[in-house]
Structures are given as C-alpha cells and as structure tokens.
Amino acid sequence: MIGLNDYLILAAILFAIGVTGVLTRRNAIVIFMSIELMLNSVNLTFVAFAHFMNSLDGQIFVFFIMTVAAAEVAVGLAIIISIFRNKKTVNVDDMNIMKW
Amino acid sequence: MVNELQEAAQNTITQWAWLIPLFPLAGVLINGFFGKKLSKTTVGLLACFTVLCSFLLSIACVAQLAGMPVDARRVIVDVFPWIAAGTTKIMFGIMLDPLSSVMILVVSGVGFIIHVYSLGYIENDPGYKRFFTYLNLFTFSMLVLVLANSLALLFVGWELVGLCSYLLIGFWYHKDSAADAGKKAFIVNRVGDFGFLLGMLAIFWIFGSLNFKDIFHTLEINAAVTPWFMGAGTMPVKTALSAATPILGLPLVTIITLALFLGATGKSAQIPLYVWLPDAMEGPTPVSALIHAATMVTAGVYMVARLSMLFALSSTTMMVVAIVGAATAIFAATIGLVQNDIKRVLAYSTVSQLGYMFLACGVGAFSVGVFHLMTHAFFKALLFLCYGAVIHSCEHAFHDAGSHADPQDMRNMGGLWKYMKITWFTFLIGSMAIAGVPGLSGFFSKDEILWKAFNAPFSLTIGGFPLGSILWAVGALAAVMTAFYMFRLIFMTFHGKERLPQNAHPHESPPAMTIALIVLAFAATVGGYVGVPHVIKDMGINVGNESFYKWLEPVFEPAQTIIAEGGALEAIDFSNGGEEVGVQNTLAAGITGLNFAKHGQEGIITPEAGNVAVAHRESENEAAATHSEKQSAHENVALEKKLMNISIVLALLGIFVAFIMYNRNPQIHHDIREGLGVIHTVLLNKYYVDEIYYYTIVLPGRVFSEFFLWKFFDVCIIDGIVNGVALLVRGVSAVVRRIQTGVVMNYALVIVIGILAILAYYIF
Amino acid sequence: MVMPTLTQILFYSTAGFAVLCALLVILHPNAIRSALFLVLTLFAVAVLYILLNAQFIAAVQVIVYAGAIMVLFLFVIMLLNAGETLEGLKHPMRKIFGFLFGIAVLGQLLAIAHVATIAGARQGGVTQEMVAKAGNTELLGMLLFSKYIYPFEAVSILLLMAIIGSVILAKRKL
Amino acid sequence: MQLDMTITSYDFSMIWPQIAVVVFLLAGLLVDLLDKRGETTTIGIFSIFGMIVAGAFTIGLWNSAATVFDGMIIVDNYSLVFNLIFILGFILTALISIRSLPREGYNYSEYYILLMGATLGMMIMASAGNLLTVFIGIETLSISLYVLAGFARKREESNEAALKYLLLGAFSTGFLLYGIALIYGTTGTTDLTGIRDFFILSQSGPSIVLIAGVMLLLAGLMFKVSLVPFHMWAPDLYQGAPTPVAAFMSTGAKAAAFAVLFRVLVTALPAMIEYWRPVLYVIAILTMTIGNITAISQQNIKRMLAFSSIAHAGYLVIAILAFNQLGATAIMYYLLVYTLMNLGAFGVLAAMRRKNQANETLASFAGLANRAPFYAAMMAVFMLSLAGIPPMAGFIGKFMIFSAAIKEYSAGQSDMLPLVIIAVTNAVVSVFFYLRVVVVMYMNEPEQDLDSEPVNLAAGLSLIISAAGIFFLGIVPSYALDFIQNAILNLPK
C-alpha cells in the first residue's frame, strides 16, 4: 500500500526542485514556473494529508491555493509583459538598477 | 481670612509658571509661520518681547516663591498626564523650586539681553528671521529643561536645546567648517545622550516614576520599590540602589549616576566629550554667548545638581565628577593659553569654567556650583558679547579696508580700546571677574569652589596629600592660567601696537549692543554679592550676604545630609556580600569641613540596619559637628583666609605675567604706566625675566600644550576617536550594503539560507 | 517476492514521471520546453490526486492549471519571444550555489516528510462511504458554501484585483 | 444518509467595515466611468469617503468581540484598532496620491481601487482566525501591491520593483503554504484556536514536523514583515515603487503583517513559545542592526527609509518577544505612530518629485529649508520622530517597547536585557542618518537651483495630519495608550 510518507516525500522532492529552479534560472518566466512547481507540491501535501485524515479541509485549501495561484500568474505575467516592453528582456540578472 | 486670601492670591502667580516657557514658544510659532509676512523689525522685537515676558513672569514667580515658607518652596504644576505605564503616570508639568528659579532667571534674563544684543548684531544678515526663530526656540527649550518636573521632560528639553544648538552652530551653513562643527557637536552629544537615556531608563525601572517629586520622596523616606532586576521583589530603594552590578562590582547607583554624568559631560563639554564646544564657535557670536557659554552648556551641571540626592549616594561618582571637573578645568586652561582665535580662547575658557562647576558638584558643594554657574553666565556672556562687538566691528572695518585678515585672530588687532571704549571697559570688567579679582562676581564663586575642593570629603590620598588639596592645587593653577590668558587677550586686542590692516577703522557698536554690554557688566560686577562667603564677613568686611546659599539650601539639604552620613550606602556596597561592614565615617566631612573628619567615629552596621543606624547617628554627628565647628572655627577661618589670599595672589600673578609678556610696547606702557606705575618699574628692571619666563615656562608649556595637548591629544586622539567610530560604522555599512546585489536570485538564496538555518537548528 | 499492486505501480511510475518532468522544467534551456514539461508534471500530479480520492481537485488541476494557466504561460513566452534564451552563461557560481542549496532544502524536507505522521491530529469525519455516497464534488461544494463562505467571497475580490491589475499593467494603451 | 452540513445564515453585522470597503470598491469602478480618462481626483476623494465610512463602522463595532464564519474571522478590539490604523494609512496615502498621480504620469483611477483592495486584504489579515483567511488576506494584499508597485509602468525602476516583489513574494508564499500544510497535517486543523487546542490536548511536545511547519509559516510571515534575512526585497521595492505606494507598503502593509504575526503567535502558538522565541530573538538583533547599519551609507532617502523601516520592524519584534500586555500595547502604539511618521516622510518625498526628476537623493534635499520651508519643517518633524527624539511620538513608542522588554526581564527573562541594550545602541546609531537629512535640509547649499515648491492642499493636509498626530501622540500619549490597552484586554491570550 502506498502510505502518507510516500506522497509527502514526492511532494518534498518536487518542492526542492522548484526551489532549485528559482535559485538557478535567469528567465523570469521559468522562475515563475518553478514557483508553480512549489505550489503544486504544497497542494499534493495538502491532498495527501486530507486523504489520510478523512478530512476535506485540505482539499478546500488546495482549491483556494489554485485560485490564488491563477490570480498570481495573471498579475505576474502582466508585470513581465510590462517589463519586457521597457527592457526587451526577461532575464532577472539584467534587472538590477536598484541595489546597495 | 485675609491671610488665606493673600495666600490664594500668592499662589495664583506661581500656578501660572508654566506660561514662562510658552511665551518664547509663541514667538517661535508666530515668527516661524508668519515670519515671511512680518517686517524684520517686528520679528526681532517680538522675539525680544516674548523673552522679556518670560523674564518678568519669572521674577514675579520667584518673588512669590520667596514669600513662601522655606519648606513649601516647591511648586509643582501638573498640566496633564503624559506617559501612563503601569500604575504610575509621568506628569507633563513644571516644578518651580529655588534651583529652577535661579535657572529661569538666568536663562530668561541673560537670554533677553542677548536677544536685544542680537537685534544689532545680526541686523544685516539674510537669515535674520530664521535666527530669531531659532533663538526663541532655544529659549523655550532651555526653560522647559530647567522647569521640567520630571526627568523625562528634562530629557525633552535636553534634546531640544541640543537640536537648537546644532541648528545654530550651522547657522551659516554655507561655510563647510560650520556644517562640520554642527556634525561634530551632534555626534559627540549622541554619546552623552546615550548615557543619559540609559540612566534615565534605569531610574524609571527602579523608582517606577520619573517625576522628580516621586524620586526625591522615595529617596528621602527610603520607600519600598520593586526594582527591575531579576527576581528582586520589593525592597527599600537604597538597598536596591546598592545592589552590586557586574560592571566592576560597582553598586547600581554608581553605574546610574555615572551614566547620567556621561550625559552631562556631553552637554557640558567635559573630558572626554568636550571636543565639540570649541568648534561650536562657528556659530554667530550671540549664539556662542547664550548657548555655548551661559545657558545650554550648563545643563549638565543643572542636571547633576537637580539629581544631587542620587549623586550624593555614590561617593565614587562624586569623586569621578570632581576629578573630571578639575582635570577639565586645568586641561582646557592650558590649551587656552596658546590659542590665537579669540573665540577659541573663550571657548576653552568656558570648558575650563564648566570644569570648576563640576568640581564644586563633585565635592558636594552643589550650591556653590550653581552659584558659579550663575556668575559665569553673567561674565562669560559679557565676554562673548564684547568680543562679538569686536569681531563685528573688525569684520566691517577689515571689509571696508579691503583686507582679508581674519577678524577673529587677535594677532590682527591691538590698540582697539580707543576705538571702542565701552566695549573695552566692559570687557575689562568681565575679564577681572573671570580672573578672580576680588570684589567681582567670579571671585566669590571661584574662591568658594576652591575652598570646598580643599575640604573635599574624600578619604583618598595621593602621594600623602589628600585628594582635596590636590583638587585645590589644580583649581588654583587653572585660576592662574585663566587670569593669564584672559589678560593676554586684553593686551593683545585692546592694547599694544595696532596691528590692524591699513585704513581699517573699527568703531563702537550700535546702542542695542552696547546697552546689553553695560547691563551684563553690571551683573558681572554685583552678581557675586548675593553669595559672599561668610569668611569675608568674619573678616569684618560686611558686604553682601550669603542669601544665595540660604536660598538653595532646601534643595540641596537632603544631598548634604547623605554626604554628611559618609556615603553610607556605598560603604555597604563595597563589602563582599558580607553582613557587616565598618563604615569609615572619617569620610564624612561634607559642608562642615575638614574639622568634622577629625571628630568622626567608626561604627559597625549591618546593611539592613544601616539606614536606621545612620539616622540614629545623625543626631550625634550633628552634635559633634556643632561642637567641632565651634572648637575649630577660629583655626578654620584662618585657613580659609590663607587660601583666599593665595588665590588672590595667584589671580594677580596671572594678570601680571600676561602684562609683562604682552604689553612691552612703549606706546601702551605709556598708557598703563599711569595706572600701574610700580609694576611698570618692576617691568623695566626685570626685563630679562620676560625672556626667562618665556624660555623656561612659557615656551615649554606652549610647546606642550600646543603640540601635545591640542594638536596631538585634542585633534588626533579625541577627534580621532570620534571620527574613527563614525568612520568604522560607515565602513561596516559600506560593506554590509553590498549584500544587496539587486539580483532576485541572490535575494531568494538569502531567504533559503535563512530558512535552512532555522530548520537546521531544530532538526539537528 | 511480493508483487507490486496496481496502485503501487501507478504511484511509482507517475511519481517518477512527475519528478523527471519537474527536473526537466528547471534544467531545459528552452523556456517553451520547460513550460511543456511543467504541463506534464501537472498531469502527473492530477493522476496522484485521483489516487488520493480527490477527483474534483484533479479535474481542476487539469482544466484550470494545465489547461488555462499553462496556456497563458506559453502564450506569454511566445508573445515575448522569450523561449530561446541561452541559460547559465553568466555567473556559473550562482548556479552551483543554487543547486547546492536546492539539495540542502531537499535534504531537510525529506527528513521532515520521512517522519511525518497524522497520529495525534484531529481526524476529519469524512469517511470513504460519505464520499462514495454524496460525491467528492458535492461535499466540497457544501463546505465551500457553509464553513468557507467568507474566504470564498473574499477570494472573489482577490480575483477582481488580479483582473484589474493585469489589465492596467499589460494593456498597451490606456 | 443525511449530511449534517447545512448552509447556515451568518451574522454579517460583524464584518460591516469589510463590506463597506467592498461596496465602495465596486462603486468606485462605476464612479470611474463618470470621469474622463486621466482625471482621478473624484475617485480619490470618493475612496477616502468610503474609508471614512468603513472607519465609522469600525468604531461602531467597538467592544463587540465575536468569532464569526466558523472561526474564519475574529472581530475584537485588536482587529478594530488595526482596522483604524489601516484606514488612517489609506487616507493619508490617498491624500498624497491625489497630487502625485498626475505628476508621475500614471493617472489611472484603478490605483484607488487597488489601494482599497489592499486595505481590504489588510483588514482580513488583522481579523483572521484561520490560516486560510490569513493566506487569503495576505494574497489579497500582495496581489494588489504587486500591481501597485509596477503601477508606474513606463518607469524601469517601477517594473523592476514589481517583478522582484512578485517573484520573491510568490517564492515566500510557497514556504508559507508548505508550513501551513505541515501544520494542517500534524494538527488536523488550520483554525488558530483549533491549533491552540491541539497543544492543550496533546500529551507530548510538538513533533519535528510541526516545528518545521511552524517555522516555515513564520518565515513566510517574517517575509511580509521584512525581517532579516527575509528583508532583501524591501529596499529595492520601496525605491522603485511609486512613492505613495512605497509609503503605503511600508506602513499599512507592515502593520497588517505584524497584526497577523502577533495574532498567530498569541492565539495559536503560545504553547510553542520556547521554539519560536530563540528564532525571533536572533532575528530581532539581526534586523535592527543590519537595518540601521545599512541605512547609514544610503544616499537615496527612499532607500534609507526602507532600511529604516526594516530596523523599526526589529524594534517591534522586541515587543513581540516581551509577549506581555505592555508589549502588545507597544506594538499597536508603535505601529500607529510609525504609520504617521513614515507616511509623512514618504509624503514629503512624493511632493518633491518632478516629472523627470526623482529628487530622492540626499543632495537634492540640500537647502530645502529655503526652497520649501513647509516641506522641510515637516520632514524634520518626521525624521526627529523616527529618530526617537522627544517630544515626538517616536520616542514614546520606543520607550513603550523597551519598558515592555524590561518588564519581562524583571519577570525573569534574563535575555531581554542584552536585547534592550542592543536596541538602545541601535537607536542611537540611527539618529545619525535621520538627523543627516535635517542637517542637509537646513545647513547645506542646494546643488542645483530648483523653483520654490508651492504647497499642495491635499498633500499638505496629509502632512499636517501626520505631524499633528505625531505631536499629539508624543505629548499626550495617554489617551491613545488607554484606548489601545482597552483593545488588548479583549485579545484572547
């Protein structure tokens, strides 16, 4: 039988991959996708817990996370579009006019 | 019935004492907000008028206060509750007692004169309106400081006067040196404020209040408090104050008072935090007179005097205060010997005189310290204003003559007396007052300080001499130097060969300025007669009286009692946690003088019983004191007379040396000869003495003070430390800010590292 | 030797597939490919949701996440022509650090996930029978409109903000 | 089988302030249609009016404590005080913006709508009773702020600020949610009181999973509060975002984040104090020190204010660590004062901005006292208050925080004393860079000649309200403190 920990370990791996993506990629859109990966791993954790606890609250939480993620993506991509208009790039390490 | 009515009528005026600071505040608001629409004259006159109102109301209030019975002379007007924390509330209000009454008279009185003087001085400056707004703001802040009924409100005034000082030092901000001086004053004062703040918070957490009334009351009855340190529970306040701290095992009260004293050294320019004051002379001269000589810099002395009860509890702190005061007095005086910038001489002289005030406070003679504060306010304000007049007129004269000579450098002057006779004469009075020429105000206060220092209640001896006599010697030496450099100043500026640039014709200042000078000269002359020491009366010269000391007596009496008890509190603290200690009552001398120490007795008390025992012994002591006083009164007076004669001789010696060294010009000899014929003969005969003086005493001294004390110690070490700390913080800052690379991934990495660290702390 | 059950086979193969695709998301230099691999990952996770009896969430995952959101991603990538970026030429150290710390995060999270247990937690009262009877979606709907009515309404304002915000930022001419 | 889940009717009377905000937000979208494009004063005033109505509802609810919507929302005086702080922040920001928007060239009415949405998010955060509402509140706030940060969409700084904030915000949200998931998994609930009950019922201490969950949750919240090392976004964001937005973010948003952080710690996690205390302790020291030290070498005043706001967050953490009634009072009082003084300082910066010139550097403030005496005087008041110089309210705020810490010290928390000493040292250091602004304004010669600055009515009003509030709270703090202490009494603890 597949236990809770199997799901959690999978979620942990996906989360760590997401974090690594944020830390290593330059392309803002890819960074953003890595964050989506992290959120998915959180969702998986929630659903797994909910399943093994016979509770639906976790699934509701996932529902809200998805909604918020959708909103975040919409705003995030809009920001990326507006920055691309000005700078013609989506690479985050080209965006450091403000520092120190 | 009639009496009651009278009393009610009497009280009404003091009940309005809180208006005193509000008049200048009104001036600030009106001039600050509508100054642009008002004419220059209106602004200036309004500023003067508001301060005059404060002065008149102060006089009325003090008169009322004097009419009250001695014990009732403390009027507290709570305007509204300020900070409510826990059960006690800090009230926002004023406290009028003999000490603050002296201060408000000095502040508003001298302040008013300087306001009037400024009407003339600052007349053609584009910052005229700004200047008067700041000056009013300062007067308001200073009055708040001295009238504050709580340490917190005092701190408010403390910070505000600091701010005003800061703004006024940099008044001519287009000069880089002015802006730098402002910065320096600011940084140095922060160090002091840090100490003040810590001390204040510690007091709050022990006493549960910052109201002076509560603090004094708690101390007087040794009430039970719940102090802040761990698991202490409720205990008598003196036990709490005597708790040993980890810092060198010193008792808490010593740490607190030392922290407060650090604040005082910052504001009152004492070693090690004096460096800002000479630089502060970059401000306009009336500012130097009002803020950096007469009033604000004495705030530290006022604070120490105000908290005299607390300071008296720690003989260590008292000793530190006295030693720092004496050291500053001599140290600043030596530097003053060689400066050529007039204002710098006066600035170092101020530092030196402030040192005297702390010396007085340190040896327990708070009222003498305050007395010197007052007389110093008169004569130092006078001196500054005179030199303001000199500089003012030289500046214009030099300018008209097309010269770029420095109008503050006395080497560019000489022989000015005939151009500005009033200024010369008033300056002479001021100089004689500060030099301690008998009959002028400075003599009475300085002499009394030296006498008290000689009788300092310290058991410490250095090389067989009691600390007191060393303090006296240092003070006396500084007095010689004071007399010397002041008269050097006079001779180089007003007498001797004219070294003015060609075609420069200085002239007397406008009447607004000269009137101010005359009034102050009058005050500097007669101001001392309110506090003539009784020894003079004993000598049969029945001038003036001791009313000043009597007036302040109720304020300092508790502190004197504590000192007379021989620092019982601290004697307990120094025991190594033991139950019983011997109280060296030989420490106890206090106001009654050396003789008291001889008749002291040794007692064994336990900490708990300490206060009881002390109280019990108090009556015995008093009896003993009276007895011994009678017994040795004669001997005592003789000693005091002797010391007084020494100091008179010393003052004259200083003047004399200055005269010899700086007045060799025949032209001036001629002028002086008529008044000082005998001395002139001596001068003629001992012409080579001048050279001997010069090469044996003056030159080495000059090299020492100029190159070591001033250039090396002052400029390198003290400035170096101040700037170094600032530089270090900035350097660290410049490195730390580099973390902020501007790249998102690095920021994310820092977040991840943070989270990893937190989790690792719990997982592993 | 115990034969793996169908669930086990399904779980491990889906999980492996998800991890592989996720790795390719962050490793593939081409952003369009990355996005497509992310879609695959999302599908794999949706399969796991079904294994966990969360049919509604699985459906939302496919329709909203993989369907709508990822299409938006792809659209933006193509619109900006941002697919063909050459990755990793600048600052190789940053990349190395990134991977190192990613592995450290993985280690810690695994240590936590490894020992996680629901023992002691308050158990929900929603049994498999109830789900079988009323259906996952209906139960969720009931909850949403009873206990979770406040967040449900609040999130509508959040979405409104997102709509207004996206328009104001991305519209070419205002 | 009958499910005992029924749609119940709810008591909406407790959330009138939020409803008012929503109604005015939606109505604002319609009001917008009345104006022609590029004209935003009407909607600005309309939104201020809406917030005043919300404030009136908030005051109307005073002393009516209730937990509504199945524990999702806790309405008590704590949340109401915070509501008032947010409303005050909104009004002051809107007043600044009325002038600033057309000047900076992004005169769109959606600005006020988003600002109202952000305020709604803050209100949800302050009264959240469930980690879900915490999350929704944070996201409502954040999404509005992402957009507002990038609102000057033609300016690269603004774009960059928005992108950095978005990426890092979403990243930290990931950790926050992971934490919530772990808490949910170990306790079986996301309800704040439910979590507290879990600790009361559970026999053994918290498991490592729960600790990790709590720490991740706190890390997410600390990001919003901008505590070191989760602070790096703040300076770039404040510098790049439009000035009124930066003002709003550094005050209202920070207050909301503190509201929720303190609520979570007090309501859900008091049993875990020995776990989160050391973490917050170290973070408080780091935050104060790094914030102040970095601020010293800043030449851009907006950026300096950003580091200063980080440092102030550090002081506030001390009050949290004190974890007593006095500390709670101090937090609210300080945040109220901080809102006034920081908004004021940013308000002056906003007023200084010209179309093509930011005028944010220290050098551009040189000689401001001559050029714009009103703005210079106001800036001086705000700087002195931030520096904690009496009689400005900043002093009382610091005094309250230190008092709370020392009270805890005397109760046996021996580690509070070093914290206070570090804080006092930091406060002294910080005076340097605040006062430098005053010095530059009053004592330096201007580098370039700028025209004198006429005072704008709305912005001037905002500044005068702030300054008056600072003096009022500094000279007569008793009224506000009594009011706030009353609020704390109803805080479940």
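Chain naming here is simple, since letters A, B, ... match the order of the sequence lines and numbering starts at 1 in each. Owing to the predicted nature of the structure, the values given are computational and were not obtained by experimental measurement.
Using a 4.5 Å cut-off between heavy atoms, L39(A) contacts chain C through its side chain alone, with no backbone atom that close. If you measure heavy-atom distances from A35(C) to chain A, the contacts under 4.5 Å come from both the backbone and the side chain. In this structure, the portions of T67(A) lying under 4.5 Å from any heavy atom of chain C include both its backbone and its side chain. Contact of L27(C) with chain A is made through the backbone alone, with heavy-atom distances under 4.5 Å. Both the backbone and the side chain of Y148(C) come within less than 4.5 Å of a heavy atom of chain A. For chain A, the nearby part of Y65(C) is the side chain; its heavy atoms alone come within less than 4.5 Å. Of the atoms belonging to F97(C), not a single heavy atom falls under 4.5 Å from chain A. The contact between E36(A) and chain C is made by backbone and side chain atoms together, counting heavy-atom distances below 4.5 Å. In this structure, chain C has a heavy atom under 4.5 Å from the side chain of V19(A), while its backbone stays farther away. Residue contact with chain C, scored on non-hydrogen atoms closer than 4.5 Å, involves the backbone and the side chain of I17(A) alike. Proximity to chain C (any heavy atom under 4.5 Å) is shown, for I80(A), by both the backbone and the side chain. Using a 4.5 Å cut-off between heavy atoms, Q108(C) does not touch chain A at all. Heavy atoms closer than 4.5 Å to chain A are found nowhere in T5(C), neither backbone nor side chain. Residue contact with chain A, scored on non-hydrogen atoms closer than 4.5 Å, involves the side chain of V155(C) exclusively. Both the backbone and the side chain of L110(C) come within contact range of chain A, each with at least one heavy atom under 4.5 Å from a heavy atom of that chain. For a residue to count as touching a neighbouring chain, one of its non-hydrogen atoms must lie under 4.5 Å from one of that chain's; by this rule L10(A) touches chain C with the side chain only. For I9(A), the parts lying near chain C are the backbone and the side chain together; criterion is any non-hydrogen pair under 4.5 Å.
Residue with the most contacts toward chain A among V25(C), T7(C), L48(C), L100(C): L48(C) (heavy-atom pairs, distance under 4.5 Å). For the options S34(C), A18(C), G165(C), heavy-atom pairs under 4.5 Å to chain A are most numerous at S34(C). Ranked by non-hydrogen atom pairs under 4.5 Å with chain A, the options V105(C), N53(C), L79(C), V115(C) are led by N53(C). Ranked by heavy-atom pairs under 4.5 Å with chain C, the list I2(A), V75(A), L8(A) is led by I2(A). Your options are F32(A), F64(A), F63(A), F52(A), and the one with the most heavy-atom pairs under 4.5 Å with chain C is F64(A). Counting heavy-atom pairs closer than 4.5 Å to chain C, the top residue among I83(A), V68(A), D57(A) is D57(A). Among G16(C), A54(C), A104(C), the residue with the largest count of heavy-atom pairs under 4.5 Å with chain A is A54(C). Contact count against chain A (heavy-atom pairs under 4.5 Å) is highest for A170(C) among A15(C), A170(C), G102(C). With chain C as the partner, the residue from L37(A), L23(A), N5(A) showing the most heavy-atom pairs under 4.5 Å is N5(A). The residue among P151(C), G107(C), A68(C) with the most heavy atom pairs within less than 4.5 Å of chain A is P151(C).
Although no hydrogens or angles enter the test, the distance criterion places no donor-acceptor pair under 3.5 Å between the side chain of Q61(C) and the main chain of A66(C). Side chain of S55(A) to backbone of H51(A): no donor-acceptor contact under 3.5 angstrom is found.
Residue I50(C) comes nearest to A58(C) through the heavy atom pair CG1-CB, 3.5 Å, listed as atom of the first residue, atom of the second, then distance. Of all the heavy atoms in L72(C) and A74(A), the pair that sits closest is CD2-CA, 4.3 Å.
L4(A) has its side chain within reach of I118(C): a pair of non-hydrogen atoms, C-beta onward, lies under 4.5 Å apart. Side-chain contact check for L144(C) versus L140(C): every heavy-atom pair is 4.5 Å or farther apart. By the 4.5 Å heavy-atom criterion applied to side chains, N43(A) and M66(A) are counted as neighbours. The shortest distance between side-chain heavy atoms of L23(C) and F37(C) does not fall below 4.5 Å. For the pair L14(A)/N40(A), no side-chain contact is recorded, criterion being any heavy-atom separation below 4.5 Å from C-beta on. The closest side-chain heavy-atom distance from V47(C) to F43(C) is not below 4.5 Å. Q55(C) is not listed as a side-chain neighbour of T137(C), based on a closest heavy-atom distance of 4.5 Å or more.
Within a 6.0 Å radius of CZ in F75(C), no more than 12 heavy atoms belonging to other residues, nucleotides or ligands are found.
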How far apart are the C-alpha atoms of L106(C) and F15(A), what are their side-chain angles, what is the distance that settles it, and do they pass the side chain to side chain contact (heavy atoms under 4.5 Å, CB included) test?
CA-CA 8 Å; L106(C) 179 66; F15(A) 194 88; over 6 Å; no

Would you check, one step at a time, whether the test side chain to side chain contact (heavy atoms under 4.5 Å, CB included) holds for L169(C) with I81(A)?
CA-CA 8 Å; L169(C) 286 178; I81(A) 288 174; over 6 Å; no

Tell me, with the steps shown, if Q59(A) and N136(C) meet side chain to side chain contact (heavy atoms under 4.5 Å, CB included).
CA-CA 10 Å; Q59(A) 291 194 23; N136(C) 176 272; 3.1 Å; yes

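Taking the six-membered ring where the residue is Trp, the centroids of Y7(A) and F11(C) are separated by under 6.0 Å.
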